[in-house]
Amino acid sequence: MAENLSFLAPMRILRGTDPGRVAAILAAIAVIGALYGLPLLRLAANRLVVGDPVFAGESFGAEIHAAAGLTVAATLIFGGSRSEIGGAGAVTLLLSAFALLTLGLGSTAADLLSGEPPAARASLASGAWLAFACLAVALAIAVGRASRPWLGALAAGGAVLILVVAGRSGALDGLSLAVELRARREAVLTAILQHGLLSGGALLLGALGAGLLAAWRRAQGLVEILVGGIQVVPAVALLGVLVTLASGALHAWPQLRGLGLSALGPVPALIGIAAYLLLPLWRGVTLALRAPDAATLDAATALGLRPRQILAQVRLPLGAPVLIGALRVAAVQSIGLATLGALVGAGGLGQIVFEGMAQFAPDLILLGAIPVIALSLAVESGLARAEAAARRWSA
Amino acid sequence: MSRLRPVLGPALAGIFLVIVSHPRVARTIVGWLGEAPRRALDPAYLSALALNHLLLAGSGLILVASAGVGLGVVATRERGARLRGGIDTVAAAAQAVPPVVVVALALPILGFGGPPTLLALACYGIMPVLRGTVGALEGVPREAREAATAMGMTRPQILSRVELPLAAPAIIETLRTALVLAVATAAVGALAGAATLGTPIVAGLQNQNLVPMLQGAAATAALAFLCDAAMLGLAALTRR
């Protein structure tokens, strides 16, 4: 009898007023729907054609059903207990579901490919991507419920660890994405490094420029117009203009070539990206300088603090959250814009993306796109955490 | 007339850039820079590209505005209050996927041309508009709403006659940013084969032909500034 009534549990949860629960249940339903309703893999004759869909019911092992079961169990635990332990338990179950799904997809891909010619590819299909995305959403909700700030980083680290261990052991070798990665391992690692240098360098250059602009007190009105105007110019257009100007500069001063400069390459990309970061960074610096109110500054002066001491001991601590917030916005923008840098020959992950577009090879595009998205999500969440910490510290 | 002063800057910048994109001017500039000026694009082709660019960006804006403002209205109703917590999280996550990457990922699924660009516009534009609309509607003074209730207005009447008119300038401000973003994304769409003003830039970068590249870049920037000016003008006219 108890078994027959268990299906009522989700309905009881739905009546609750907690939007997190509703979202968790919706995410779990979406995971199940994606696993059983959509193709999980596509088997193709080579890497460029769209393959035939393979569904969960056809040739998958027990891992997929186990992953689905764990997702349902996680949702029930999550809905059943409001406690933080419920959240932590759900996180564990969802991570296990993620591991099982990954391994299941890997082993089925290997099974499908055995007996096929070497050019055949088994690539992840819509159902697998949707299931991964919904699992990530469910994980985020469960992490939020557990209200332990380190759990999010731990869960993300766990997911990465699962992927690395599975990849190293060869369990994912059948998947087209892994084949593509094996062929271009060095290129991808170089591109990630270049991307980091490009976006980090532009961030540094932008911060320098923003600091100088904010220090130019008399012309703040003009600075606002200029910095705002740059935002209106589309990035592709700005890069084009910069390349034109750079080649003009090289004609006027050929000795610049001796310094290793060229019209195409990282220099125009760095300048272009930094130009877009000026607005958030400059705004952040001016707001941060205005963060302490007049009374606080008067008190500091009355205490006998010198201007430099006021800057270091009053203005900076009070302005830190605003400053880190600006840095966060700028850093995410920088990583995104660095993708376009490949257009002017600056390298980075954009180069892999564009190569994939030119060859019309979806897995190659993914190989460039996934690190970009992962980098920006990591930077975004890391700096968001730093911003919250600074807010607590200065309050 | 003084209301229209903010329009002046972007409008002048736009007109200046239109002049730069003219074949003769662009060739002269490239000549000054010391490069051999090669064949330029004729104005008819450039304006055809501009029209296509504007159509793509405009339909993107309509998509983003209807979804963003609509969801913003829902999120600010009493029943939608629960959604608001999630909006900021989703908005932050959506910003992590740059438009180029969306265009690239959509390419194998949606094929060449406009559709991947429209998808990128929707992915990148809806959340900022939604956020801006929520902010604008929340900025409507409570007294105004209470007065309308006291006058016996129904909820839809309050929305259409009090809240939306009062929030209009702030919503238009958000849509201005969205339109500028749409123009920029349509330029990126050239990478996926959409015929926009980004096309001569991408082609010019590939075969080192500076004249069409400068023309395309100036024309794209001009379009962005003119759209910006138009939205600023609209905002100035609604702000009474």
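No hydrogens, no waters, no symmetry mates; every other heavy atom, side chains included, goes into these values. Proteins get letters first, then strands, A, B, ... in listed order; numbering begins at 1 in each.
Under the side chain to side chain donor-acceptor pair (under 3.5 Å) criterion, no residue pair touches residues 51-60 of chain B, with sequence neighbours excluded.
Within a 6.0 Å sphere centred on CD of Glu224(A), heavy atoms belonging to other residues, nucleotides or ligands number 12 at most. In the displayed structure, Arg283(A) atom CZ is contacted under 6.0 Å by at most 12 heavy atoms of other residues, nucleotides or ligands.
By number of non-hydrogen pairs under 4.5 angstrom with chain B, the leading residue of Val241(A), Val137(A), Leu349(A), Leu264(A) is Leu264(A). Listed options Val180(B), Leu223(B), Leu181(B) were ranked by heavy-atom pairs under 4.5 angstrom with chain A; first place goes to Val180(B). Contacts with chain A were tallied for Val202(B), Val183(B), Val100(B), Thr177(B); Val100(B) has the most, counting heavy-atom pairs under 4.5 Å. For chain B, the option among Gly228(A), Gly336(A), Ala374(A), Ser126(A) with the highest count of heavy-atom pairs below 4.5 Å is Gly336(A).
Considering every non-hydrogen atom in both Ala104(B) and Met357(A), the closest pair reads CB-SD, 3.7 Å. Scanning both residues, Ala221(B) and Ala237(A), for their nearest heavy atoms gives N-CB, 4.3 Å.
Both the backbone and the side chain of Ser247(A) come within contact range of chain B, with heavy atoms under 4.5 Å apart. When heavy atoms are compared at a cutoff of 4.5 Å, Gln231(A) approaches chain B solely by way of its backbone atoms N, CA, C and O. Heavy atoms closer than 4.5 Å to chain A are found in the side chain of Ile201(B), but not in its backbone.
Looking only at side-chain heavy atoms (C-beta outward), Pro98(B) and Leu337(A) stay at 4.5 Å or farther from each other. Looking at heavy atoms from C-beta onward, Val236(A) lies out of side-chain contact with Thr220(B) at the 4.5 angstrom threshold.
The stretch residues 186-200 of chain B places Ala187(B), Val188(B), Leu191(B), Ala192(B) near chain A, each with some heavy atom under 4.5 Å from a heavy atom of that chain.
Here OG1 of Thr244(A) is found 5.0 Å from CG of Leu214(B). Values are rounded to the nearest 0.5 Å.
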